[in-house]
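Below, chains carry the letters A, B, ... as their sequence lines are ordered, and counting in each starts from 1.
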2 protein chains.
Amino acid sequence: MNHHSNVVCLCPLDGIIETIGKKWTMLLVNEIGNHGSLRYNNLLEELKGISPSTLASMLKELQKEGIISREAFNEIPPRVEYTLTKRGKELRIAIIPLLKWATKKGNFKMHCNCSLLKK
Amino acid sequence: MNHHSNVVCLCPLDGIIETIGKKWTMLLVNEIGNHGSLRYNNLLEELKGISPSTLASMLKELQKEGIISREAFNEIPPRVEYTLTKRGKELRIAIIPLLKWATKKGNFKMHCNCSLLKK
DNA sequence: CGGTATCCCTTCGGATACTG
DNA sequence: CAGTATCCGAAGGGATACCG
């Protein structure tokens, strides 16, 4: 029997799904991805509604997962920049099918300007 | 400037990400998808560890999202079967890139038998 | 500027017992 | 068999004040 042909298992997702599913994760990945790099206070403004403590803990978690990287510059005033790692950029690509799937919900009206979803 | 060319927005994910990110969602979708259809008590066994109340609430949420459908048969003893909708099947396909992404984590060892991830 | 510390509320989800 | 009802602990995440 070849009923394995379209059997999917989810073990690769173990652990990481808990990170990805969190309220701010994809928004954060996306915001950084769209800008190239961002600073802590930029993110605090752009992600309207996130609290400083939540942002700080998310940034740490995403670093731990190898999705973003943090670079601190020795300046006054201090400057810290967050960027996507290679793996983080790949994540951003990997969710596009999911975005397209979500877009196809009957009542969804596109009000964004995302070339990757246009067709 | 054409910096929009690879700008991604996540508005399609509004709402649905909270469902997808929940602990049991993808496991449930997958389990039903792999079997074709399953009954409440089957799911209770297969998804080792899920509690009856959690399962019930997840099943309702996934129905509301149009991902699974419920069919009740008028028999004694009662029989109820859950299957994926067309949209649910599409979801299952849409997350494969995410699975492949997760698989590429340096330390991940494949111990499943999923033909869709084999190459 | 880039965070911590503290407090607090809500939601998630497990355990168990019960029901139509 | 297919769920509900009740109770509960743990985790997510917001508000605010403060720190190096």
Side-chain angles (χ1 to χ4, degrees), chain A residues 10 13-32 35-65 67-84, chain B residues 10 13-32 35-65 67-84:
Chain A
L10 299 179
L13 248 44
D14 265 11
I16 197 67
I17 188 74
E18 280 127 50
T19 296
I20 290 173
K22 280 184 183 166
K23 179 170 178 182
W24 294 103
T25 302
M26 291 313 303
L27 295 170
L28 203 40
V29 167
N30 213 42
E31 202 63 48
I32 298 176
H35 285 82
S37 89
L38 280 173
R39 305 167 65 169
Y40 183 87
N41 278 317
N42 295 146
L43 287 166
L44 219 44
E45 294 160 21
E46 299 273 355
L47 276 59
K48 295 179 204 307
I50 199 172
S51 73
S53 42
T54 304
L55 177 56
S57 82
M58 284 310 310
L59 288 170
K60 274 178 186 154
E61 182 169 353
L62 294 180
Q63 285 172 73
K64 210 184 82 192
E65 296 295 342
I67 290 169
I68 64 174
S69 65
R70 191 192 110 118
E71 188 177 11
F73 299 88
N74 244 334
E75 304 176 355
I76 297 178
R79 179 162 63 100
V80 175
E81 305 230 331
Y82 293 95
T83 53
L84 294 184
Chain B
L10 299 178
L13 249 44
D14 265 11
I16 196 66
I17 188 75
E18 279 127 50
T19 296
I20 291 174
K22 279 183 183 166
K23 180 171 176 181
W24 295 102
T25 301
M26 291 313 302
L27 294 169
L28 204 38
V29 167
N30 214 42
E31 203 63 48
I32 298 177
H35 285 81
S37 88
L38 279 173
R39 303 168 64 170
Y40 183 87
N41 277 319
N42 294 146
L43 286 166
L44 221 42
E45 295 161 18
E46 299 274 354
L47 276 59
K48 297 180 203 309
I50 199 171
S51 73
S53 42
T54 304
L55 177 56
S57 81
M58 283 310 309
L59 288 170
K60 275 178 185 153
E61 181 168 354
L62 294 180
Q63 285 171 72
K64 211 183 81 192
E65 295 295 342
I67 290 168
I68 65 174
S69 66
R70 190 193 111 117
E71 188 177 10
F73 299 86
N74 245 334
E75 303 177 358
I76 298 177
R79 180 164 60 103
V80 175
E81 305 229 331
Y82 293 96
T83 53
L84 294 185

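Going from atom CZ of B:Arg70 over to atom P of D:dA2 covers 9 Å, rounded to whole Å. What separates CZ of B:Arg39 from C1' of D:dC1 is a distance of 7 Å, to the nearest Å. Taking atom NZ of residue B:Lys60 and atom P of nucleotide D:dG3, one finds them 8 Å apart after rounding to whole Å. The separation between A:Glu18 atom CD and C:dG13 atom P is 10 Å, rounded to whole Å. In this structure, A:Ile68 places its CD1 atom 14 Å from C1' of C:dG2, rounding to the nearest Å. Rounded to an integer number of Å, the gap from CD1 of A:Ile76 to P of C:dG2 is 13 Å. Note: CD1 (A:Ile50) to C1' (D:dG12) measures 12 Å, nearest angstrom.
For B:Ser53, whose side chain is taken as the heavy atoms from C-beta onward, the closest listed nucleotide among D:dC1, C:dG13, C:dT16 is C:dT16. Distance from the side chain of B:Pro52 is smallest to C:dT16 among C:dT16, C:dT6, C:dG14. The side chain of A:Ala56 lies closest to C:dT4, out of D:dG14, C:dG14, C:dT4. The side chain of B:Thr54 sits closest to C:dG13 out of D:dC1, C:dG13, C:dG2.
Distance CD/A:Glu46 to CD/A:Glu31: 4.5 Å, rounded to 0.5 Å.
With DNA chain C read from its 5' end, the first of the two nearest nucleotides for B:Gly49 and A:Ser57 is the one closest to A:Ser57.
For B:Lys23 and C:dG14, the shortest distance from a side-chain N or O to OP1 or OP2 is below 4.0 Å. Put simply, A:Ser51 has no side-chain N or O that comes within less than 4.0 Å of OP1 or OP2 on D:dA15.
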